[in-house]
A.B. asks: 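Sharing a structure below in structure tokens format, with a few things to ask.
Just so it is clear, the structure is predicted and the values come from calculations on it, not from any experiment. Reckoned from all heavy atoms, side chains included, excluding hydrogens, waters and symmetry mates. Letters go in sequence order (proteins before strands), and every chain restarts at 1.
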Amino acid sequence: MKIAVCIKRVPDTEMRFAIAANRTSIDPAGLKFDLSDFDGYAVEVALRLVEKQPPGEVVAVTLGPDAAQETLRKALSMGVDRGVHLAAAEVPFDGLAIARALAAELREGGYDLILFGRMATDSGNGTVGPMTAGLLGLPCVTAVSGLELADGRGTAQRELEGVTETVSFPLPAVLTIDEGIARPRLPSLKGIMAAKKKPVESRPAALGPVRLTVDALELPKERAAGRIIGEGPDAVPELIRLLREEAKVL
Amino acid sequence: MANTFAFAELRAGSPRKVAFEAMTAARTAADATGGGEVHALVLGGPGASSAAAQLARFGADVVHVVEHPALVSGNAEVFAATAAARLKAGGYRAGFFSASAQGRDLAPRVAAALDLPLASDVTSFEIAGDALLARHPAYIGKAIATLRLAATPALVSLRPGAIAPVEQARPGRVELVEPALDPAQARVVVTAVTDRGAAKLDLGEAPVVVSGGRGLKAAENFRLVEELAAAFGNAAVGATRAVTDDGWRPSADQIGQTGRMVSPALYVAVGISGAIQHLAGMRTAGVIVAINRDKDAP
Ligand SMILES: Cc1cc2nc3c(=O)[nH]c(=O)nc-3n(C[C@H](O)[C@H](O)[C@H](O)COP(=O)(O)OP(=O)(O)OC[C@H]3O[C@@H](n4cnc5c(N)ncnc54)[C@H](O)[C@@H]3O)c2cc1C
Ligand SMILES: Nc1ncnc2c1ncn2[C@@H]1O[C@H](COP(=O)(O)O)[C@@H](O)[C@H]1O
């Protein structure tokens with residue numbers, strides 16, 4: 001079984017950040033970067049599938065600046081076999097451009113499964129996975145929260161708005177992975193040492209035209225400061241009055 | 001003057017609120033180009049065309065309908081192929097989807113099939129000459145991007161609840177069409193759908209959401225949240241991940257980055273610390289009431 005996992009280097013969203021001087025991106029100064037949350041789950045899913053049914057190979061692919069190779073090393077230290085770096089000084093916001101470059105890399109790879117995160121935490125798009133599937137002409141299941149493979153087919157669970165859907169699909173296929181499916185392992189010391197010797201290839205990303213760009217990036221307007229209305233049941237009448245008369249939501 | 005396209009999502013045969021939101025966006029975009037027609041697309045089981053009257057109320061001039069017994073519970077490949085074929089044939093200036101669970105799956109497939117970029121999870125937009133400018137929350141809501149989409153048709157998926165549906169009656173002429181892909185040819189097949197017992201009032205559509213967090217201390221105490229929601233009469237119940245992880249509530253109730261995104265007029269947070277991942281799902285709410293013993297909780 002041969003599995004590709006597409007991973008993106010993103011800033012840690014727990015941290016406070018500032019807008020860069022160009023007003024179209026965030027200021028990277030002082031930020032920590034790591035692979036996007038959902039991509040960690042995708043890596044874990046790939047590793048478990050191969051561990052359950054060896055032999056196999058897991059390849060991590062990332063598109064980004066040279067620093068994205070650190071993100072590949074993280075995946076290698078978790079147990080991924082090798083990495084592919086598609087070099088691009090800047091990662092476009094246009095998911096179709098990213099998908100085009102990933103599809104060009106993955107097309108002849110002979111993968112049984114190609115895994116993505118459900119959405120990258122920086123872009124908040126959730127488009128690259130299904131777009132790559134479309135460009136490759138492969139079946140695609142998004143937001144997968146449970147997965148079983150047998151006899152060249154897969155069964156996946158998807159948690160949607162109020163319903164759980166079970167779908168059956170043939171391999172090869174593209175899946176986007178939701179969180180919760182399998183908690184990503186922490187790299188072991190042995191894994192970190194081994195990762196240093198694992199192969200990483202780098203070649204230019206074939207992005208093509210970029211037709212979705214960021215004109216401006218702003219911090220959200222601060223909500224008006226909150227008001228503390230009181231404590232315990234005594235505060236209730238005043239709260240109701242405010243909701244009725246001031247906020248007019250009752 | 002240009003026509004625009006809107007995908008109309010159904011639930012149990014009737015248009016969802018997000019369908020009206022897409023109609024309203026398409027109407028706004030058509031008017032911004034000097035007043036063209038809005039063409040809606042509906043796919044569903046036999047009888048799906050009965051949705052047309054309601055779509056007309058929200059601004060649809062033409063409603064293209066695919067009725068097929070195999071489409072009652074949806075079929076992503078057929079939906080995507082049919083929407084792509086319609087967008088190709090229609091010569092539209094813009095096409096709107098919802099960034100609902102179904103739309104998030106559908107819109108990028110359609111975009112790839114047409115080799116077009118997609119602005120996703122958009123909260124507002126304007127047409128600016130050859131471009132469409134769209135506002136989009138990035139970095140799990142910690143920053144707001146203004147995106148420039150330089151393509152025609154401009155494909156957009158709309159954050160549920162961000163655009164208020166506006167009634168503006170149009171003819172809503174029904175045209176029955178064939179699916180662009182035979183449902184029997186779809187490679188991915190839905191084998192089961194189980195209702196997780198979500199409340200009747202959908203979280204994304206409720207004007208009031210009452211959510212509970214770990215501060216409630218025990219699953220039984222969620223009764224208080226349910227009673228409060230029932231007292232409002234128009235409220236749905238949400239939860240934090242801490243609570244859904246512990247199994248106090250079904251995961252369908254989770255609000256936040258990895259759950260539902262909601263924008264109710266009133267959001268009541270009971271015993272919720274306000275983690276960034278939770279805020280990502282509700283910071284666009286109108287009024288937020290927090291019940292918390294920690295005065296500094298965000
Ligand atoms: C990748 C990732 C994704 C995530 N996605 C989500 C998501 O989508 N949605 C989500 O909600 N979380 C998400 N989380 C989890 C999030 O970080 C928080 O852990 C979670 O939201 C906390 O839930 P809570 O507010 O219920 O619990 P806590 O943080 O434990 O807060 C409990 C609150 O109750 C208050 N309290 C305690 N006792 C009382 C009392 N007697 N009266 C009143 N108040 C009281 C406390 O002051 C506190 O503020 C995610 C985390 C990660 C890492
Ligand atoms: N630059 C990138 N390199 C590799 N994979 C990516 C990149 N951008 C996005 N992806 C993959 O596509 C998923 C969805 O990204 P997005 O559409 O930006 O939300 C991510 O979780 C990754 O799996």
A.B. asks: If you apply the rule side-chain contact (heavy atoms from CB on, under 4.5 Å), what do you find for Val167(A) with Thr191(B), and how did you get there?
C.D. replies: CA-CA 5 Å; Val167(A) 300; Thr191(B) 54; 5.8 Å; no
A.B. asks: Is Arg187(B) in contact with chain A via its backbone, its side chain, both, or neither, using a 4.5 Å heavy-atom distance?
C.D. replies: both
A.B. asks: Considering only heavy atoms, which portion of Leu203(B) lies under 4.5 Å from any heavy atom of chain A: side chain, backbone, both, or neither?
C.D. replies: neither
A.B. asks: Checking heavy atoms, do the side chain of Asp94(A), its backbone, both or neither come under 4.5 Å from chain B?
C.D. replies: side chain
A.B. asks: Out of curiosity, Glu77(B) CD to Cys140(A) SG, how far, rounded to the nearest 0.5 Å?
C.D. replies: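 It is 9.0 Å, given to the nearest 0.5 Å.
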A.B. asks: Quick check on Leu239(A) against chain B: is it the side chain, the backbone, both or neither that has a heavy atom closer than 4.5 Å?
C.D. replies: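 Contact with chain B is through the side chain of Leu239(A) alone.
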A.B. asks: If you look at every heavy atom in Pro108(B) and Gly126(A), which pair is closest and at what distance?
C.D. replies: CG-O, 4.2 Å
A.B. asks: What is the distance from atom OG1 of Thr213(A) to atom CG of Leu147(B), rounded to the nearest 0.5 Å?
C.D. replies: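 Spacing of OG1 (Thr213(A)) from CG (Leu147(B)) equals 8.0 Å.
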A.B. asks: Taking Lys142(B) for its side chain and Met15(A) for its backbone only, find out whether a donor-acceptor pair lies under 3.5 Å.
C.D. replies: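 Yes, Lys142(B) side chain to Met15(A) backbone: donor-acceptor pair under 3.5 Å.
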A.B. asks: Is Ala216(A) close to chain B through its backbone or its side chain, or both, or neither, when contacts mean heavy atoms under 4.5 Å?
C.D. replies: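 The answer is both parts of Ala216(A).
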A.B. asks: List the atom of Asn125(A), the atom of Ser120(B), and the distance in Å for their closest heavy-atom pair.
C.D. replies: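 Heavy atoms of Asn125(A) and Ser120(B) come nearest at OD1-OG, 2.9 Å.
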A.B. asks: Side chain, backbone, both or neither: which part of Arg227(A) has an atom under 4.5 Å from a heavy atom of chain B?
C.D. replies: neither
A.B. asks: Measuring heavy-atom distances to chain A, does Ser157(B) have an atom under 4.5 Å in its side chain, in its backbone, in both, or in neither?
C.D. replies: neither
A.B. asks: Nearest 0.5 Å, please: how far is CG in Leu149(B) from CZ in Arg211(A)?
C.D. replies: 9.0 Å
A.B. asks: Check whether Leu116(B) gets within reach of chain A through its side chain, its backbone, both or neither, counting any heavy atom under 4.5 Å.
C.D. replies: both
A.B. asks: Side chain, backbone, both or neither: which part of Gln157(A) has an atom under 4.5 Å from a heavy atom of chain B?
C.D. replies: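 It is neither, since no heavy atom gets under 4.5 Å.
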A.B. asks: Dump the intermediate steps for side-chain contact (heavy atoms from CB on, under 4.5 Å) on Val289(B) and Leu243(A), then the final yes or no.
C.D. replies: CA-CA 9 Å; Val289(B) 173; Leu243(A) 289 177; 3.9 Å; yes
A.B. asks: Any chance you could measure Lys295(B), atom NZ, to Glu231(A), atom CD, to the nearest 0.5 Å?
C.D. replies: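 One finds 5.0 Å between NZ of Lys295(B) and CD of Glu231(A).
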A.B. asks: Ile276(B) versus chain A, heavy atoms under 4.5 Å apart: side chain, backbone, both or neither?
C.D. replies: side chain
A.B. asks: Relative to chain A, which of Arg148(B), Arg135(B), Gln102(B) shows the most heavy atom pairs under 4.5 Å?
C.D. replies: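 With the most close heavy-atom pairs to chain A, the winner is Arg148(B).
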A.B. asks: Go through Thr24(A), Asp37(A), Leu138(A), Leu219(A) and name the one with the most non-hydrogen pairs under 4.5 angstrom from chain B.
C.D. replies: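 That would be Leu138(A).
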A.B. asks: Below 4.5 Å from any heavy atom of chain A, which atoms of Ala145(B) appear? Answer side chain, backbone, both or neither.
C.D. replies: both
A.B. asks: Do you know the tightest heavy-atom contact between Val190(B) and Glu165(A)?
C.D. replies: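 Between these two residues, the closest heavy atoms are CG1-CG, 3.6 Å.
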A.B. asks: Quick check on Asp115(B) against chain A: is it the side chain, the backbone, both or neither that has a heavy atom closer than 4.5 Å?
C.D. replies: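 For Asp115(B), backbone and side chain are both near chain A.
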A.B. asks: So how far is it from Leu266(B) CG to Leu250(A) CG, rounded to the nearest 0.5 Å?
C.D. replies: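 Nearest 0.5 Å value for the CG-CG distance: 6.5 Å.
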A.B. asks: Any donor-acceptor pair under 3.5 Å linking the side chain of Ser168(A) with the backbone of Val189(B)?
C.D. replies: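 Absent.
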A.B. asks: Counting only non-hydrogen atoms closer than 4.5 Å, does Leu212(A) touch chain B with its backbone (N, CA, C, O), its side chain (CB onward), both, or neither?
C.D. replies: both
A.B. asks: At a heavy-atom separation under 4.5 Å, does Ile229(A) approach chain B through its side chain, its backbone, both, or neither?
C.D. replies: neither
A.B. asks: Using non-hydrogen atoms and a 4.5 Å limit, figure out which bit of Pro209(A) sits close to chain B: side chain, backbone, both or neither.
C.D. replies: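 Interface part for Pro209(A): neither.
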A.B. asks: Determine the minimum heavy-atom distance between Pro117(B) and Leu96(A), stating which atoms define it.
C.D. replies: N-CD2, 4.0 Å
A.B. asks: Would you check, one step at a time, whether the test side-chain contact (heavy atoms from CB on, under 4.5 Å) holds for Leu118(B) with Met131(A)?
C.D. replies: CA-CA 10 Å; Leu118(B) 166 71; Met131(A) 283 177 167; 3.8 Å; yes
A.B. asks: For Ile98(A), is it the side chain, the backbone, both, or neither that has a heavy atom closer than 4.5 Å to a heavy atom of chain B?
C.D. replies: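 Neither part; nothing is under 4.5 Å.
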A.B. asks: Against chain B, work out which of Gly134(A), Gly95(A), Pro130(A) has the most heavy-atom pairs shorter than 4.5 Å and name it.
C.D. replies: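 Among Gly134(A), Gly95(A), Pro130(A), the one with the most close pairs to chain B is Pro130(A).
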A.B. asks: Just verifying a value: how many Å separate Arg109(B) CZ and Thr127(A) OG1, rounded to the nearest 0.5 Å?
C.D. replies: 13.0 Å
A.B. asks: Will you find, in the side chains of Asp105(B) and Thr142(A), an N or O donor that is under 3.5 Å from an N or O acceptor?
C.D. replies: yes
A.B. asks: Closest approach of Pro220(A) and Gly141(B), non-hydrogen atoms and distance?
C.D. replies: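 Distance-wise, the nearest heavy atoms are CG-O, 3.5 Å.
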A.B. asks: What part of Ala285(B) gets within 4.5 angstrom of chain A, counting heavy atoms only: side chain, backbone, both, or neither?
C.D. replies: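 For Ala285(B), backbone heavy atoms alone lie under 4.5 Å from chain A.
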A.B. asks: Side chain, backbone, both or neither: which part of Val110(B) has a non-hydrogen atom closer than 4.5 Å to chain A?
C.D. replies: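 Val110(B) has no heavy atom closer than 4.5 Å to chain A.
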A.B. asks: Please classify the contact between Ala113(B) and chain A as side chain, backbone, both or neither, with a heavy-atom cut-off of under 4.5 Å.
C.D. replies: neither
A.B. asks: What heavy-atom pair brings Thr258(B) and Arg118(A) nearest, and what distance separates the two atoms?
C.D. replies: O-NH1, 4.0 Å
A.B. asks: Given heavy-atom pairs under 4.5 angstrom as the criterion, report whether the side chain, backbone, both or neither of Arg293(B) touches chain A.
C.D. replies: neither
A.B. asks: Sort Arg16(B) into side chain, backbone, both or neither according to what part of it lies under 4.5 angstrom from a heavy atom of chain A.
C.D. replies: side chain
